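Step one of this worksheet: look at the structure below.
Here the structure is a predicted model, which means the values were calculated and not measured.
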Amino acid sequence: MPEQPFQIDMIRNIGFIAHIDAGKTTVSERVLYFTGRNYKLGEVHEGTATMDWMDQERERGITITAAATTTYWKSHRINIIDTPGHVDFTAEVERSLRVLDGAVVVFDAVAGVQPQSETVWRQAERHHVPRICFINKMDRIGADYFRSIGTIVDRLKARIAVIQLPIGSETAYKGVVNLIEMTAYEFLEDEKHTQQEIPIPESSMADVKKYREALVERIAETDDSLTEQFLEGKEIPKDVLKKALRNAVVSSKLVPIMNGSALKSKGIQLMLDAVIDYLPSPVDVKAIKGIQPKTGQPAERKPSPAEPFCALAFKVMTDPFVGRLVFLRVYSGKITSGTAVYNATRDEKERVSRLVRMHANTREETDWTDAGNIIAVVGLRSAFTGDTICDQNNPILLESIKFPEPVLSIAVEPKARAEQDKMGEVLRKLSEEDPTFKVRQDAETGQTVIAGMGELHLDVLVERMRREHKLDVSVGKPQVAYRESITGKAQAEGRLIRQSGGRGQYGHVWLEVEPNERGKGYEFINKVVGGSIPKEYIKPAEQGIREALESGIIAGYQVVDVKVTLFDGSYHEVDSSEMAFKMAGSIGVKEAVRRASPRILEPIMSVEVTTPGNALGDILSDINSRRGRILNIEGIGDTQVVKAHIPLADTFGYATSIRSQTQGRATYTMEFDHYAEVPKSVMEELMGKVKVAG
């Protein structure tokens, strides 16, 4: 299908983000239906959702991978990404928000803000993505629009603009009042899901006047000329209000709040109108900033087809029909199939063989696309998530995408020994697709170890190996990704002197290690002066230090948050070599870490449990038995919400435990929060295992 010329200000790049089960995939399905992209409604609970196209997504009823599609509404093109809600797949949200211009945050009207709502909100804040809030499931028993708004204000500290009021709630929910236009709509229960304009009900008028005045005041506060008019009591025309609200949303000063019921197809068309009216087009977003790869000088690209081509690769996917697909967000210029492009991140030239516009897992071929669009490319063999793809004559390097480190690992091996090579190839493909999925060989055991963000994440990946790649594997017990660090400062000497006939080996370094800020990782500082170590041996010494820290010093776990300073040493004119200094660096850092009061760190998970009040005591005692720390207990009606920190090592089997304690009525979410020192008894146990294994 040939690409149609499309004005860049008529494009919207949006994502649906939310806590798991808030209904964002159902919202996506209704959007596709009302925009004419689908001719029948897809249902998550029936396994017919277009955007949840993987077998596992349909079976589990959750979104696992971010799905992209393009649709049209009122002469505008909308590129949509439906993202997962489960915390184990948070990387999908992270990379999607990095390339989107706006987002619709979906909330459950009964639960309001939930743990993953807070996580995705923080991610959107970090990437400066303007938002609209859609409070879904207004027809459910227990739905409370105003309590949900209260949780958005209290827990997310959002500056809100309530632009809709519901008419009725729970089973009586039947329409909305638009406070900008001062119109009301009733949702009819017909096959076409019609919404018809009606007079504002008399019973709602008091609330409408109160919230309309608050809305106008909130919008006026963002614009000096409107503040004056508001204080003088002048009526502000609705088109002026809409324009001011749009400016406030684009600059992230206000977040509009709407409501509906996606399952019953209520409020979706009005939400689509708001996406067009208030969320930014690519031209409303600031020019993308980067650096010139060769000089390191600042560079930028304006969102215009006339600028040199520049795009960011945000997702890699293996398609069974066309092979390796790389998803690009095009920030400037134009890309045509068959042309050569430059990968500025890897300093490689590549050729675009085909361009495809994705609709979940189906494809539409196109010859070209330009600034502001999202496209999938066939033919980029060396491009990975976070790489900058640009015009080779006008290179630019954009900031890459940062992902959290995996916290859980398991050993895998093929059931048939002959499939060892196949497993290596499959794991390579999966790790290319998912930056939070890591694969390594255990040097001691020779096992292949895969690491991810949680039990569900690894479970899904192993299942994908079996289903998509027809590879049967045996799986070991989950292993926690412990880390090592230091609490003190120490110096040590690293010396390698070998003489065994002919040329010997001589490397000699003096190092100092000290704790780095938590989360800063490893840092190397070269303070060698006076040529005591020649320049060509500094890098090999640093390489030896880095490799020693990666394989651990006291218990075999990676050493993190440590600053290593190389300040002195010596060399031999004949016997010194790069290998000798690499060995010396490794010897020196191992000794220095041993002297610097080393500690083992463990991942601590942030857990939120929603439980019936009568099971609260059992939940609390169970958390305490898992070395957990209770942070907060909050009552919402008959329900209690418990926030706690629990070490990852003590969370295995938590799902089964919580089900048995509450007859399956409690729910919980869990996400990685931080690393903390393990107690002395646990540290001794972990070090004992290493000694036994050794």
Side-chain angles (χ1 to χ4, degrees), residues 18-24 26 44-45 60-62 85-88 106-121 135-156 166 168-173 259 261 263 454-456 459 603-673:
H19 181 90
I20 191 168
D21 282 343
K24 67 198 164 317
T26 306
V44 174
H45 58 275
R60 296 170 190 261
I62 61 169
H86 196 285
V87 68
D88 280 17
V106 183
F107 297 92
D108 182 329
V110 179
V113 172
Q114 295 170 277
Q116 193 63 9
S117 317
E118 295 184 49
T119 303
V120 297
W121 191 273
I135 296 180
N136 189 27
K137 305 189 181 183
M138 281 296 298
D139 53 348
R140 272 186 66 195
I141 300 295
D144 189 329
Y145 186 55
F146 299 104
R147 189 182 67 77
S148 296
I149 290 172
T151 64
I152 292 169
V153 173
D154 295 341
R155 293 178 68 171
L156 304 179
S169 71
E170 299 183 328
T171 52
Y173 178 68
N259 63 84
S261 166
L263 191 63
E455 287 183 277
L456 179 63
D459 188 27
I604 305 294
M605 308 303 282
S606 174
V607 180
E608 185 161 316
V609 184
T610 305
T611 177
N614 59 7
L616 181 63
D618 292 336
I619 294 292
L620 295 180
S621 65
D622 185 56
I623 289 172
N624 287 326
S625 73
R626 296 172 183 272
R627 296 193 288 131
R629 186 163 67 89
I630 311 292
L631 303 175
N632 187 35
I633 302 170
E634 185 185 345
I636 304 171
D638 297 332
T639 303
Q640 296 290 325
V641 179
V642 181
K643 283 188 174 181
H645 281 159
I646 306 178
L648 175 62
D650 292 84
T651 62
F652 299 132
Y654 193 54
T656 309
S657 172
I658 204 170
R659 271 200 297 268
S660 63
Q661 285 166 3
T662 63
Q663 288 80 49
R665 292 166 65 207
T667 59
Y668 78 98
T669 59
M670 188 183 299
E671 67 178 306
F672 169 72
D673 193 84

Rounded to the nearest 0.5 Å, the CG atom of Asp144 sits from the CD1 atom of Ile149 at a distance of 9.0 Å

Given the options Ile619, Ile623, Asp618, Ile658 meets side-chain contact (heavy atoms from CB on, under 4.5 Å) only with Ile619

Let me see the working for Arg155 and Ser117 under side chain to side chain contact (heavy atoms under 4.5 Å, CB included), right down to the final yes or no.
CA-CA 10 Å; Arg155 293 178 68 171; Ser117 317; over 6 Å; no

Return the CG to CZ distance between Asn624 and Arg629, rounded to the nearest 0.5 Å.
12.0 Å

To the nearest 0.5 Å, tell me how far Phe672 CZ sits from Leu648 CG.
9.5 Å

Do Arg147 side-chain atoms and Val110 backbone N/O form a donor-acceptor pair below 3.5 Å?
yes

Over all atoms of both residues, closest heavy-atom pair of Val120 and Ala18
CG2-N, 4.1 Å

Ser261 vs Lys137, side chain to side chain contact (heavy atoms under 4.5 Å, CB included): CA-CA, chis, key distance, verdict:
CA-CA 5 Å; Ser261 166; Lys137 305 189 181 183; 5.9 Å; no

State, to 0.1 Å, how close Pro166 and Tyr145 come at their nearest heavy-atom pair, and which atoms those are.
CD-CD2, 3.2 Å

Looking at Val609, Val642, Thr639, which hits side-chain contact (heavy atoms from CB on, under 4.5 Å) with Leu616?
Val642

Thr151 side chain to Val113 backbone, donor-acceptor under 3.5 Å:
yes

Would you say the side-chain atoms of Glu170 pair up with the backbone N or O of Gly142, donor to acceptor, closer than 3.5 Å?
yes

What's the separation between atom CH2 in Trp121 and atom CG in Leu156, rounded to the nearest 0.5 Å?
5.5 Å

Out of curiosity, Arg627 CZ to Asp650 CG, how far, rounded to the nearest 0.5 Å?
4.5 Å

Show the nearest heavy-atom pair for residues Phe652 and Arg626, with the distance to one decimal.
O-NH1, 3.6 Å

Where do Ala109 and Ser148 come nearest, in terms of heavy atoms and distance?
O-OG, 3.0 Å

Between Ile633 and Leu620, is the side chain to side chain contact (heavy atoms under 4.5 Å, CB included) condition met? List the steps.
CA-CA 10 Å; Ile633 302 170; Leu620 295 180; 3.9 Å; yes

Rounded to the nearest 0.5 Å, what's the gap from CG on Asp108 to CG on Asn136? Could you check?
7.5 Å

Given Lys643, which partner from the list Asn632, Ile630, Val607 fulfils the side-chain contact (heavy atoms from CB on, under 4.5 Å) test?
Asn632

Listed partners of Asp139 passing salt bridge (Lys or Arg N to Asp or Glu O under 4.0 Å), at least two apart
Lys264

Show the nearest heavy-atom pair for residues Gly112 and Phe107, with the distance to one decimal.
O-CD2, 3.9 Å

